[in-house]
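A short write-up of the structure that comes next.
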Amino acid sequence: MEKSCTLLIHFDKGTPAIANEIKEALEGNDVSAKVDAMKKAIMLLLNGETLPQLFITIVRYVLPSEDHTVQKLLLLYLEIIEKTDAKGRVLPEMILICQNLRNNLQHPNEYIRGVTLRFLCRLNETEIIEPLIPSVLQNLEHRHPFIRRNAILAVMSIYKLPQGDQLLVDAPDMIEKVLSTEQDPSAKRNAFLMLFTCAQERATNYLLTHVDRVSEWGELLQMVVLELIRKVCRTNRGEKAKYIKIIIALLNSPSTAVIYECAGTLVSLSSAPSAIKAAANTYCQLLLSQSDNNVKLIVLDRLNELKSSHRDVMVDLIMDVLRALLSPNLDIQRKTLDIVLELITPRNINEVVLLLKKEVVKTQTGELEKNGEYRQMLIQAIHSCAIKFPEVASTVVHLLMDFLGDSNVASAIDVVVFVREIIETNPKLRVSIITRLLDTFYQIRAARVCSCALWIIGEYCLSLSEVESAIATIKQCLGDLPFYSASEEGEATDASKKTPQASSITISSRRPAVLADGTYATQSAASETAFSPPTIVQGSLTSGNLRSLLLTGDFFLGAVVACTMTKLVLRLEEVQPSKVEVNKATTQTLLILVSMLQLGQSHVLPHPIDNDSYDRIVLCMRLLCNTGDEIRKIWLQSCRQSFVKMLSEKQLRETEELKAKAQVSHAQPDDLIDFYHLKSRKGMSQLELEDEVQDDLKRATGEFVKDADDANKLNRILQLTGFSDPVYAEAYVTVHHYDIVLDVTVINRTKETLQNLCLELATMGDLKLVERPQNYTLAPESSKQIKANIKVSSTETGVIFGNIVYETSNVLERTVVVLNDIHIDIMDYISPAVCSDTAFRTMWAEFEWENKVAVNTVIQDEKEFLNHIIKSINMKCLTAPSALDGECGFQAANLYAKSVFGEDALVNLSIEKQADGKLSGYIRIRSKTQGIALSLGDKITLKQKGGS
């Protein structure tokens, strides 16, 4: 069994020191050898060795030593060794220690006195401490503050012992006198702490009699004062009015630690708007004054909590919070923007957007390494602002369109998606957006941005001038036709075939030549004519962005170009009265489409055109040659209608998420109603009046009602032993973010006293026990509550197992009761979350761990199976409900969740209904860590058949 000690030492027991060697070193006169020997002895004792033969040697040769290091190690040794026998009585040899401790407490050296007093704080044996009490009390009046502060702590620890109030009956009186005369800040803090811990009324009286001087006290004492206020107000909320004035006075303290604690205490005690505003101002002040990024993140967390419960107060401080964007740290900037976006109102939207615009312009300087990522966050924030308040879109959309050609592709995609949404939701901006988009289109270098921009052009170019300008812009970006040329068509066709065998041109005398694609050909020695294989014709660097992307083999973009040109020609037929111009545009468009098909089927590119893109381009050609009214309606109206429907569904989803976040609380019908207007207001400050109003509002809306339902607690109680076992045990499991608390109830069902009862636990997986098990004594038919803390380091399924060991007076051997295993469910650590489709795809491509689970279920309906999986693994379905509608025999959906450790869990479900009615397919899980992928896979395998 390991021993408890205030000093934690790592020790490798591979080559343990022999007790005789330690004994010899201790008996010698070499101080350094004694120090090493004492360290070895302490480490052996901490790791379970007993070493009883060393005690007398240490008493004889180590106690008299005057060396400070030796004396410090001696006190550690005395702390670890067993001082009592099996029956709890102090060993007789401990008398030898008492005399030495008394001498140390009267030692002329202040250090020896101080560390000895500190050692007494860790002693629990009354028989050893009792003879030392007079010496301890003498040190309360010592001239040196180091001794006085440790003497106060020693008095406090003695008074807290089971019989301490009998050993030191007048301890609170003595400490109160010390507190009134003490000048040293640390000693004064210790004295107030002693009163706070052991005589709370005295501490409260002292505080209230010195209210005017609290702001002059030292930082350490002010922190204890705040702790006392929290404790008093928790037990008696009616007294908080006395203390809020003290807290507000301490908000002006020069210590940042004190004002941070003040703000937290103020929020926990009062709901008055003036108190919340004072706390929020304090947090904003800390946010700007502290340079440590960790401090800034903690303060932002506190502001986020205030935003959730006191949004109206936080709205007025939105510009102060935004000043945190000056920090170059991306995590701080992201958290700041998340807070601000939920505080936007019609009153402050213009100020916020103006500041965000300035920050976007700053990112163009290129001074910081992560400017691209910061710009992307700002663009997304502006996008959210413009969706909530469409009137500000006109002030930002043109600025953001300058970033369509941004080298950071993700940022450019965010801009073009923003433009696509704004042009639909703000019809007044359509003309200016189209004009600006056509002017800046040649700057776009990313294929995905080009595709989205082309869709906007095809859907929203409505007038004759816009359609003609759009066609001209696309033609300019495609460059001159054809996309490749061959000087000698027949020879080029033969020579460019990619076969491993050498091509051959038979002319009289021949010799090999290497072609551009790496194959061989022979040419005539007599006629040295140059051979010209097909070559790509490059466009200009300024206007050929579509051409350069097509020549890399991106035929999906080619299909988008074909669709956009087709839409523009169809719309030109509606707005252009001249049939000649329409026919001319149709012919030019057909030429472009044919050239793209030729490029895709040629051998100048490493990969030919894919079938989907080929079919799409051919469809556009057929449509241009023969157009019907129904087809025209689908191309010119239905696409836009689908987009409008998608936007409305997105808005609906966001509204539902906001409703889900809102806390629904209900007041009980028999709750007390306290009428504020009928109360006596005599002697109440404005802050107290505000607090009364806020409390009444909370009581009326049921905010004081606990969220946790007592019935749900019963589901978390696990039976650990059988009803017939001599010891019955059950555990209530509480899962917090980073730890698990087991509240184990142990009941002695026998008629005998159980001695040295110990709950021994072990873990499997990324779980770790925090505390060492303790021994208890259980009377017949009595019970004991034992708590065990277990740290969790990652999101995966773990197992806790163990046993209960005890002794009885009749049986010499120890009895062991094996406990049932406790399985820690991964569902306790993950919660549904939302992310964009772009972010989902990016993470899906990056994450390396994948677990593929085959579908094996008795459920025959696709939607029912999807809902069952969502419920079983506690994830959010990102696929829109409209995409899941209909009966086609197929179902594909993306699910997403986030763990408390910040890990992302991605799930893709793809199923098909077979002819026999059964479902088949796969559920694929991806994550950055192996544990979450495997645990989710096991959970799905267990639950997918339709079981509970």
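For reference, positions follow the sequence shown, starting with 1.
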* Hey, mind stepping through Val155 and Leu167 against side chain to side chain contact (heavy atoms under 4.5 Å, CB included) and telling me if it holds? -> CA-CA 10 Å; Val155 169; Leu167 296 175; over 6 Å; no
* Show your working on salt bridge (Lys or Arg N to Asp or Glu O under 4.0 Å) between Asp301 and Lys335 and close with a plain yes or no. => CA-CA 8 Å; Asp301 284 337; Lys335 193 165 281 194; 2.9 Å; yes
* **Criterion side chain to side chain contact (heavy atoms under 4.5 Å, CB included) on Cys758 and Tyr776, from CA distance to verdict** => CA-CA 6 Å; Cys758 180; Tyr776 303 95; over 6 Å; no
* From CA spacing to verdict: side chain to side chain contact (heavy atoms under 4.5 Å, CB included), Lys72, Tyr111 -> CA-CA 10 Å; Lys72 181 71 175 176; Tyr111 176 78; 3.9 Å; yes
* To do: Output, in order, the C-alpha distance, side-chain angles, deciding distance and verdict of side chain to side chain contact (heavy atoms under 4.5 Å, CB included) for Met194 and Phe192.
  => CA-CA 5 Å; Met194 189 274 172; Phe192 190 81; over 6 Å; no
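Between Leu286 and Val295 there is no side-chain heavy-atom pair separated by less than 4.5 Å. Residues Ile740 and Lys791 form no side-chain contact, since every pair of their non-hydrogen atoms from C-beta on lies 4.5 Å or further apart. The shortest side-chain heavy-atom distance between His68 and Asn109 falls under the 4.5 Å cut-off. Between Glu760 and Ile804, the closest side-chain pair of non-hydrogen atoms is not below 4.5 Å. Between Met156 and Cys198 the shortest side-chain heavy-atom distance falls below 4.5 Å. Looking at heavy atoms from C-beta onward, Leu250 lies out of side-chain contact with Thr265 at the 4.5 angstrom threshold. The shortest distance between side-chain heavy atoms of Tyr159 and Pro172 falls below 4.5 Å. Contact check for Leu757 versus Asn775: no side-chain heavy atoms found under the 4.5 Å cut-off.
Ion pairing of Arg202 with Asp173 is present here, as a side-chain N (NZ or NE/NH1/NH2) and a carboxylate O approach within less than 4.0 Å. With salt bridges taken as basic N to acidic carboxylate O contacts below 4.0 Å, none links Glu141 and Lys177.
For the residue pair Glu201 / Asn205, no side-chain donor-acceptor distance below 3.5 Å is found, with atom types taken as modelled. Looking only at atom types and distance, the side chain of Asp743 has a donor-acceptor partner in the side chain of Gln785 under 3.5 Å away. Defined by atom type and a distance below 3.5 Å, a donor-acceptor pair is missing between the side-chain atoms of Thr745 and Glu730.
Of the possible donor and acceptor atoms, none in the side chain of Asn139 sits under 3.5 Å from a partner among the backbone N and O of His142. With hydrogens and angles disregarded, no donor-acceptor distance shorter than 3.5 Å links the side chain of Asn756 to the backbone of Tyr806. Listed for the Gln222 side chain is a donor-acceptor partner under 3.5 Å among the backbone atoms of Trp217. Asn748 places a side-chain N or O within donor-acceptor distance of the main-chain N or O of Ala779, the cut-off being under 3.5 Å. The backbone N or O of Tyr206 sits less than 3.5 Å from a side-chain atom of His210, completing a donor-acceptor pair. The closest donor-acceptor contact from the side chain of Lys296 to the backbone of Gln290 lies under 3.5 Å.
Ile42 approaches Leu73 most closely through the heavy-atom pair CD1-O, 3.4 Å. Taking every heavy atom of both residues into account, Pro780 and Thr753 meet most closely at CD-OG1, 3.6 Å. Residues Ala280 and Leu303 come closest through the heavy atom pair O-CD2, 4.2 Å. Nearest heavy-atom pair across Arg149 and Ala187 is CB-CA, 3.8 Å. When all heavy atoms of Arg113 and Asn104 are compared, the closest pair comes out as CG-O, 3.4 Å. The minimum heavy-atom distance linking Leu117 with Ala151 is given by the pair CD1-N, 3.7 Å.
Atoms CD1 and CG, on Ile247 and Leu269 in that order, are 4.5 Å from each other to the nearest 0.5 Å. To the nearest 0.5 angstrom, Ser135 atom OG is 4.0 Å from Gln106 atom CD. Rounding to the nearest 0.5 Å gives a distance of 9.0 Å between CD1 of Ile128 and CG of Leu78. Rounded to the nearest 0.5 Å, atoms OG (Ser157) and CG (Leu120) are 7.0 Å apart. Here the SG-CD1 distance, from Cys121 to Ile158, works out to 8.0 Å after rounding to the nearest 0.5 Å. Atom CD1 in Ile248 sits 6.5 Å away from atom OG in Ser274 (nearest 0.5 Å).
Within 6.0 Å of atom CG in Asp212, 12 or fewer heavy atoms from other residues, nucleotides or ligands are found, so the atom counts as exposed in its surroundings. In Lys277, the NZ atom is not crowded: 12 or fewer heavy atoms of neighbouring residues, nucleotides or ligands sit closer than 6.0 Å. For Glu130, the CD atom is loosely surrounded, since the number of other residues' heavy atoms within 6.0 Å does not exceed 12.
Residues passing the salt bridge (Lys or Arg N to Asp or Glu O under 4.0 Å) test with Arg148, sequence neighbours excluded: Glu182. Residues passing the side-chain hydrogen bond (donor to acceptor under 3.5 Å, both in side chains) test with Gln285, sequence neighbours excluded: none. Partners of Tyr260 under the side-chain hydrogen bond (donor to acceptor under 3.5 Å, both in side chains) rule, at least two apart in sequence or in another chain, are Arg302.
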